[in-house]
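Below: one structure, written as structure tokens.
Sequential numbering from 1 along the given sequence is applied to the chain's residues. Read the numbers this way: they start at 1 and go in the same order the structure lists the ligands and their atoms. Side chains included, hydrogens not; waters and symmetry mates left out as well; all remaining heavy atoms used.
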Amino acid sequence: MQDTQTTSGTAPEGALEERKRRLTEDAVKHVWRHGVTAESTRRSAGPIAVRATGVRIEDIDGNVYLDALAGGSAAATLGHGREDVADAVASQIRTMQWVSLRTFLNEPSIELGRRIAEITPGDLVTSFFVCDGSEAVESATQLVRSYHRQRGNPGKNKFLYRKTGYHGTTLVGASASSSAEFREWFSPLAPGFVELDACYTYRRPAGMTEEEYGEACAQAIEDEIVRQGPETVAGILAEAIPAALVLTPPANYLRRLREICDKYDVLWIDDEVFIGVGRTGAYFGCEHYGVVPDVITVSKGITGGYIPLGAAIASQRVMDVLYADGGAGQAKVSGHTYSAHPVGCAAGLAVLDAIRDEALVENAREQGEWMMQQLRTWAQTNPYVGDVRGKGFLIGIELVKDRETREPFPKSWGVGSRVVGAGMRNNFMVRATGDVVTLFPALVATRADVAEMVDGVIKAIEEAIGELDD
Ligand code: PLP
């Protein structure tokens with residue numbers, strides 16, 4: 001990132017400070033910012049990002065941050081500043097920016113639907129294109145309910161979901177979340193959402209093997225379906241690898257989940273909005289476990305953050321029911337003005353080309369394995385690292401007060417937040433959910449990039465833990 005002068009360097013110091021002050025005040029007044037208080041926005045004056053290239057983001061002061069989070073929320077899977085995607089988007093806007101899917105088909109969406117069917121496992125063939133992850137989840141639940149209605153089972157309409165999972169912020173997403181904040185602030189939530197425990201391998205009962213734990217977690221799903229009455233349960237919303245805490249499941253767990261779903265005609269929505277399209281070193285996280293869901297949801301990685309797009313991708317088996325021979329009996333599943341937006345789909349095609357041509361899934365797998373090795377070696381020297389886990393470019397480091405007993409740090413110590421703060425002070429972006437520190441770089445990150453990220457996260461953790469001793 002050479003050209004830092006235009007935004008900061010040429011402006012006299014006072015003028016830059018005044019511009020930052022004005023932008024920050026305008027932001028507080030005119031732009032609602034989720035997850036960050038107005039006070040914190042004012043205190044940190046943003047930070048205001050002005051440009052980004054590769055795995056670096058520059059702020060208005062000319063500070064350059066190393067981005068181990070693909071833009072902050074895992075979307076920028078190709079890194080920042082790609083000319084190929086910019087060209088594809090600009091060209092589509094010039095050719096035909098948008099027409100409604102109700103009236104016209106458009107070629108980019110047909111081509112992208114076909115390309116997605118080529119990379120999904122099993123018979124996941126039909127994309128319901130929307131604009132983001134929450135909408136993809138919402139559409140997925142609608143098409144699952146429609147599937148059961150079509151089959152004469154309208155009473156099969158409940159969804160199971162797991163604690164600590166995240167499925168977005170629409171009413172469905174919030175209703176499938178155990179977040180106390182969501183439940184309190186957005187209530188009344190949608191009826192028919194039933195909570196299950198997370199499958200949290202590191203925190204399994206003492207003395208239980210991973211396999212036994214996987215079996216027990218799957219059994220809990222079956223027990224809940226039976227308790228609710230199988231004739232009332234439509235589906236289960238479950239990420240193959242829940243990303244927030246990087247909960248890689250025991251090898252047998254998803255296989256058993258699949259069997260249970262088949263037994264009770266419950267459809268599995270594998271929410272891969274975070275991990276799908278290459279992040280875990282496979283196109284889809286479920287591939288690591290040899291299982292095929294009924295519906296996969298994607299968003300972030302499908303356009304690499306260049307433009308919003310999401311999709312619920314349904315299996316042929318589900319589509320056969322929804323189409324019902326393609327006549328008047330076809331199911332009702334809602335759509336949006338921007339369903340299958342041609343520009344979003346053109347971006348998606350450019351992104352899939354780049355992932356294939358640059359072998360980025362393989363890169364995520366290889367560089368991710370190397371990062372994991374480095375971090376595990378370092379973890380042996382640090383008594384506060386309980387677990388280092390993940391797949392490909394989805395890595396979690398769980399910090400604990402006592403490695404032997406796995407006792408967590410008291411919540412009030414805010415260890416994870418301290419790590420994030422220490423990272424930002426050193427111009428390094430890392431995330432934490434509770435005390436699980438997470439890294440999810442762009443798929444394009446090179447060995448040199450990830451080596452810097454490993455150093456960055458170690459430094460941030462050591463600084464944060466050092467603060468506790470002070
Ligand atoms: N599902 C999962 C697994 C997610 O990680 C997210 C967002 O992080 C969503 C759904 C919601 O996606 P969006 O923020 O695009 O609405």
Side-chain angles (χ1 to χ4, degrees), residues 32-36 69-77 127-144 159-179 181-182 186 190 193 196 198-199 235-249 254 268-280 283-286 293 295-313 336 338-339 341 344 347-348 351 390-396 429 431-434 436 438-442:
W32 175 257
R33 193 176 184 197
H34 63 279
V36 183
L69 306 178
S73 289
T77 50
S127 289
F128 291 64
F129 287 116
V130 290
C131 290
D132 62 26
S134 298
E135 285 182 1
V137 169
E138 186 99 16
S139 292
T141 57
Q142 286 182 355
L143 72 89
V144 166
F159 286 93
L160 308 184
Y161 67 93
R162 298 172 304 174
K163 273 190 184 137
T164 79
Y166 180 69
H167 301 292
T169 56
T170 60
L171 192 57
V172 159
S175 304
S177 163
S178 48
S179 149
E181 250 176 19
F182 276 20
F186 305 147
F193 286 79
L196 296 163
C199 185
I236 175 163
L237 258 166
E239 292 172 87
I241 305 174
L245 295 171
V246 190
L247 299 183
T248 40
L254 291 176
W268 172 26
I269 300 171
D270 175 13
D271 182 359
E272 299 225 7
V273 164
F274 198 105
I275 65 172
V277 202
R279 168 148 311 286
T280 64
Y283 269 105
F284 296 94
C286 58
V295 183
I296 292 185
T297 51
V298 293
S299 181
K300 307 176 189 273
I302 193 66
T303 51
Y306 281 83
I307 209 148
L309 188 75
I313 310 158
H336 304 259
Y338 293 142
S339 289
H341 198 291
V351 166
K391 288 248 185 256
F393 272 166
L394 176 71
I395 296 178
M429 290 162 58
R431 191 184 272 194
T433 303
V436 179
T438 47
L439 298 154
F440 33 88

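Other residues, nucleotides and ligands contribute over 12 non-hydrogen atoms within 6.0 Å of the CZ atom of Phe186.
Listed by first then second residue, pairs satisfying side-chain hydrogen bond (donor to acceptor under 3.5 Å, both in side chains) with a partner in residues 296-307 read Asp271-Thr297, not counting sequence neighbours.
Protein residues having a heavy atom under 4.0 Å from any atom of ligand 1 are Asp132, Gly133, Ser134, Tyr166, His167, Gly168, Glu239, Asp271, Val273, Phe274, Lys300, listed by chain and number.
When the ring pair (Phe, Tyr, Trp, His ring centres under 6.0 Å) test is applied to Phe159, the partners found at least two apart in sequence or on another chain are Phe193. Checked against ring pair (Phe, Tyr, Trp, His ring centres under 6.0 Å), Phe440 has the following partners two or more places apart in sequence or in another chain: Phe274.
Judged purely by atom type and a 3.5 angstrom limit, Glu272 uses its side chain to pair as donor or acceptor with the backbone of Cys286. Arg279 places a side-chain N or O within 3.5 Å of a backbone atom of Pro441 that can act as its donor or acceptor partner.
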